[in-house]
Structure formats: C-alpha cells, structure tokens
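Reading through the structure tokens given below for one structure.
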Amino acid sequence: MSELTIYNTYSRQKELFVPLTQDHVGMYVCGPTVSGESHLGHARPFITFDVIYRYLLHLGYKVRYVRNITDAGHFEEEGREAEDKISKKAVIEKLEPMELVQKYTNLFHWAMLQFNNLEPSIEPTATGHIVEQIEMIKKIMEDGYAYETNGSVYFDVKKYADKYPYGKLSGRVLDDLIETTRDLENQEEKRNKQDFALWKSAPPEHIMRWSSPWGEGFPGWHIECSAMSTKYLGDRFDIHGGGMDLIFPHHESEIAQSTVCNHEMPAHYWVHNNMITINGKKMGKSYNNVIRLTELFSGRNPLLTQAYSSMTIRFFILQTHYRSTLDFSNEALQAAEKGLHRLWCAYLDLKNLVYEPSKKREEALERQFYDSCREMDDFMNDDFNTAKVLANLFTLVNPINSFKSGDLEKSTISQECLDFTKTYFRNYIEHILGLRDENDPQNDRLKGVMELLMDIRRDARGKKDFVTSDKIRNQLARLGILVKDEKDGKVSYNFE
RNA sequence: GGUUCCGUGGCCGAGUGGUUAGGCAGAGCUCUGCAAAAGCUUCCACAGCAGUUCGAAUCUGCUCGGGACCUCCA
C-alpha cells in the first residue's frame, strides 16, 4: 500500500508524510474570526481539515488538532484610523464586544455540527492568550527583531530577512514587497514599509484593550497563532493549515515570529485549501458576493434558487480536490444533492445486502470491488484526493444497485468480498469523508407511522386498490416524502 | 505593475505522455397498474497556434482569456 504524501506549500511539492514524533501528529488550523457570520467560503477549510484530521485518525495516528478562535479582532485600516474590527461592529450593534464574540462563536459551533465536523482537540481563543502573546513579543524584542514606537511594537522584517529566508512560503522577494506595498497610515512609525505590527497601541475609543509593557493596546495581526501553536503543539509541529489567502502575509509573518522566538520553523507541512468562487470570483465581503451558511441552509439569499443541506455542501466540497478552486452555482449544488442522494441510497442498500451462496462467481466483478476499494487508500494517500475517492465509490454504485434489483446475482461476489466492501464504504463514507444520514427519521414514532403507511400501500397494491395506494404516494409527495415501489414488492420512502 | 495559478464535453469537476475518471443534465431501451427509483446503451472534451515525440488534454514556446496574492480576508 502507498504511503501518505502531502503537498507542502513551503517546498511547493508533494512530500512523504513523516510525523516528527512517531504515531503522533500536531496540526494547527487557522480558525474563524468571530466578528460576523460564517459564509460558504469559510466552510471549505474546516471541512477540508476535518477530513484530513479524520484520515490521520483512520491511519492510527494520535492527533492533537488545534483550531483557534480569533476573538481579539484584527484591526482593519479604514480611513484614517486603524480600528478594531470587533469593537467597531459592537458599537453599531450596541453590544458588548464579548457578547458579539459569544454570539458568533456559538453560531460557528452550530455550523460545524451541521457539517458533521469533529471537534478540535483544543480550541484556544486569542483573548485567552494575551499573556502568551506579550511574552512572545518580549522575546522577539530581546533578540533584537522588533522595536517599539509610540507604544506599538513592530517586527523588523528587513533584519530578519538578512538571516532567514523571508518570503519563501509565499514566493515573495523582499525588495519587490517594498515597492508594491500599499501606502498605509502610521507608516512613519515603522522603520520599513514591510514591517508588521506585533502590538498596537490602543486609541482612547478602542474598547478591547490590555495592559502591556508598552502601554494599553491590543495584539497585532499574526502573533496569536504563533503564541497558541507554540503553547499547545511546541516549537515545531507537523501540519499548519488554512486558506490560501492566508499564505501572505499571515503565515509568512507567523513563520518569522516563531522562527525568531523558538529558533525553529514552526510547521513541517504547510497545507492550504483553495478558494470557493462564485461566477469565477472569490467569495468575500469585499466582493459583496457572500452566501452565509444560515442562508444556504434556508435558501434565503437572492443567489440561491433553493435551500441546500449541510451534507450536500460537504459533498460538493469533497467532490473537488482541496487545492483547486471550486465554483459555486445552483446547478452544481443541485448536481451534488442528487449525486449524494444516489450514493447514500446505494450505501444503505449495500449495508442490507445479504450474501447468497451459490456456485456462480465472477472473478472480474469481484476484482473490481476489491480494486476500487483499495484504490481509495491510494487516492487519499495522494494528497487527500477525495474527488477520486468519490468517483470510485460511484463506480461501485451500479453493481450494488444491480445486486439489489436482482439484475446481478449477489453470489457473483464472495461473502468475503461483500464484507470487505461494506467495511470500506462505511470507513470512507462515514468515518473519513464524514458524511451522515440526513433522512433518517429522528424519532421512532415517526418511523413507526411511516412503516405503517408503507405497509398499507403494499397491501393496497397487492389488491390492485390503486386509489388507496396512489393517495398515500401523492399525499406524502406533497410533504416532501418520496415513495418507491421496490422490485421485491416492498415499499420504501425517502425524505427529500 | 510584481508574484503566481488556471483555461477539460450543456453544467460541476478528476486526470500530467499511450488506458473509461466521476457526478448532474440530455437521448434510446428495460422494468413498472401508473410513477419514481434503478439498470443497460448512447451523445458531447481537453482555449488557440506552433513545436518536441512513434504517440500529448498531459512536455516546450507563443497568443488569447480568467482567477488569486501583493490590504482585513477561508
């Protein structure tokens, strides 16, 4: 069997995955900024890294998965004042900053549950680690790579670049950066344009503020991730993940901070997911084309022709390799919805297939089952190619359906092969890809009622009482429940 | 402007030298009380041009088009 290889943004190639500590993996993923509602674009990294987390667990690793909550608010440069994003909105909505943070944190957790994402091992908050961030800044200053101006502290990029390969992750050349860096306010506080803030002095109107050796202020753009990853995963850990748009400046800065502080490159493998686009453009606030997750689930957004379930979105995202852009459209989502439904029905049917012994055996078919299953391991090992995994699952949907309908005799594959396939489907569909049944009636009473209705329809059809049987089917259809007459005379149903 | 990635059939998307990706949609057939579902068969492709090669969607060059980052951003 193949071994796991991961594309490392730092080296720009796929590398064999070798954990720093045998059998253990440390993974840090940049989490949400809880100053607003998550949108479809935000869903991608968390689903991508959930699958990576699940796969590492499947391989038997003990994984510590750290995903932060950014609740301190990275400031934006708007107009003349640098403002704390969270505080600014808090004023508009007349809420306490922490009330806002709590609200959106809860909403984020709710969305993660909808997507069936496993909880990270540790979910640290930026505001809970101000002390660690200040300590880190002090260390960087002691080493001479940061300086204070007017109560703010800046990282000296130029000095760092003299000794370390600044820009390697993002493929940037320092001299180019100086030329292309946009003119920002307060530049005069910096020695060089490309320097970035470790600590910012808080103006009087700033609500979120903490005491520091440099006066009252708040942490800079990138220091929280360096401080928290160091604290929970150590100076050096295996995987650092996030969206591609974080490569520069966020991750580049993180590398610089951690390298000075810990004398080590923080992460071994830098993994970045690509963007979700809409009409070819990245989904983002500045483009005014965001679809919030709550809107996606409810269908209430002008861009949507219908609501989409969380599993449809998860499936949609996994049908594409994580490093490719994924273009949103209603057509594509609807295709995903139907595809997932077909896959899930076949999966349920597979679970219920019972081996029937006979002499007949089709070697080629049996080999197809074994090969298609085993190939999925190779696909996942090849930089988590979930698109190919799904393709293979689908190639087995046809024969599974044929077994069920009787077009193919079940005995054409062996008991062993059938069990093998069942195990692989369960592992991949539920444990690794993290899909789950959305149609299962939540309570037993409803289940009982549905079975009764199905019984009545079956009996009515048996008596050729089509008035009754049609009534059941038509009425249920209006409620969004699809009734199917199976080949074997049974009647089944699906919640749409 | 700098850096970088991409351009695959009606739509979404795998795929890096020779082999069916896959999903959705379309067409025909089978099954069915009628449906639905399912199965079988089938149509549609590699932006353009030139080159390398026995052979290219896959490598090289050019042209055209688009995206991302350079600023908070998943």
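Numbers restart at 1 for each chain; the letters A, B, ... are given by sequence-line order, proteins then strands.
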Flag the pair L390(A) / L433(A) as yes when at least one side-chain heavy-atom distance between them is below 4.5 Å, and no otherwise.
yes
Any side-chain to backbone donor/acceptor pair from N289(A) onto K282(A)? Under 3.5 Å, distance only.
yes
Y428(A) side chain to M376(A) main-chain N or O, any donor-acceptor pair under 3.5 Å?
yes
Of M275(A) and K338(A), whose nearest nucleotide on RNA chain B comes first from the 5' end?
K338(A)
Please figure out whether S170(A) or F466(A) has its closest RNA chain B nucleotide nearer the 5' end.
S170(A)
Under a plain distance cut-off of 3.5 Å, with no hydrogens placed, do T48(A) and N273(A) share a side-chain donor-acceptor pair?
no
Pi stacking test for F46(A) and A74(B): under 5.5 Å apart, planes under 30°:
no
Without decimals, in angstroms, what is the distance between H42(A) NE2 and A74(B) P?
3 Å
Considering only the P atoms, how many Å lie between A37(B) and C24(B), rounded to the nearest integer?
11 Å
Rounded to whole Å, please give me the gap between CG in L333(A) and C1' in A25(B).
15 Å
Distance in angstrom units between H321(A) NE2 and U8(B) P, rounded:
18 Å
Check every atom of A74(B), G22(B), C12(B) against the side chain of A332(A) and return the nucleotide holding the closest atom.
C12(B)
Distance, rounded to the nearest Å, where E331(A) contributes CD and G26(B) contributes P:
11 Å
Rounded distance in Å between the C1' positions of U41(B) and C34(B)
25 Å
Taking I317(A)'s backbone N and O only, do any of them form a donor-acceptor pair with R44(A)'s side chain (distance below 3.5 Å, no angle check)?
no
Compare the minimum distances between each of A14(B), A74(B), G2(B) and the side chain of P45(A), then state the nucleotide with the smallest one.
A74(B)
Would you sort out whether D195(A) and E189(A) count as a side-chain contact (heavy atoms from CB on, under 4.5 Å), showing the intermediate values?
CA-CA 10 Å; D195(A) 291 351; E189(A) 288 190 351; over 6 Å; no
Looking only at the side chain of Y287(A) (C-beta and beyond, no hydrogens), which of the listed nucleotides G33(B), A68(B), C12(B) gets closest?
A68(B)
Show your working on side-chain contact (heavy atoms from CB on, under 4.5 Å) between V397(A) and L343(A) and close with a plain yes or no.
CA-CA 7 Å; V397(A) 163; L343(A) 176 65; 3.9 Å; yes
Using a strict 4.0 Å threshold on nitrogen-to-oxygen distance, state whether K404(A) and E486(A) make a salt bridge.
yes
Using Watson-Crick or G-U wobble geometry with both distances under 3.5 Å, which nucleotide pairs with G1(B)?
C70(B)
Within the 4.0 Å limit for protein heavy atoms, which parts of nucleotides 34-45 of chain B are touched? Write it as a string from 5' to 3', B for base, S for sugar-phosphate only, - for none.
BBBSSSS-----
For Q194(A) and U3(B), give me the distance from atom CD to atom P, rounded to whole Å.
17 Å
For the side chain of S329(A), starting at C-beta, report the closest nucleotide among G22(B), C12(B), G33(B).
C12(B)
Paired nucleotide for C24(B) [Watson-Crick or G-U wobble; both distances under 3.5 Å]
G10(B)
Rounded interatomic separation in angstrom, taking CD1 from I247(A) and P from A74(B):
14 Å
Distance check: side-chain N/O of K282(A) vs OP1/OP2 of A74(B), anything under 4.0 Å?
no
How many Å lie between CG on L296(A) and P on A74(B), as a whole number?
17 Å
Once you apply the 3.5 Å cut-off to both distances, tell me the Watson-Crick or G-U wobble partner of C54(B), or none.
G18(B)
Once you apply the 3.5 Å cut-off to both distances, tell me the Watson-Crick or G-U wobble partner of C49(B), or none.
G61(B)
Any E356(A) side-chain heavy atom under 4.5 Å of F403(A) side chain
no
Check whether any side-chain nitrogen or oxygen of S324(A) sits under 4.0 Å from OP1 or OP2 of A14(B), and answer yes or no.
yes
Nearest-angstrom distance from the residue atom CG of L390(A) to P of C24(B):
12 Å
Separation of the C1' atoms in A57(B) and A45(B), to the nearest angstrom
9 Å
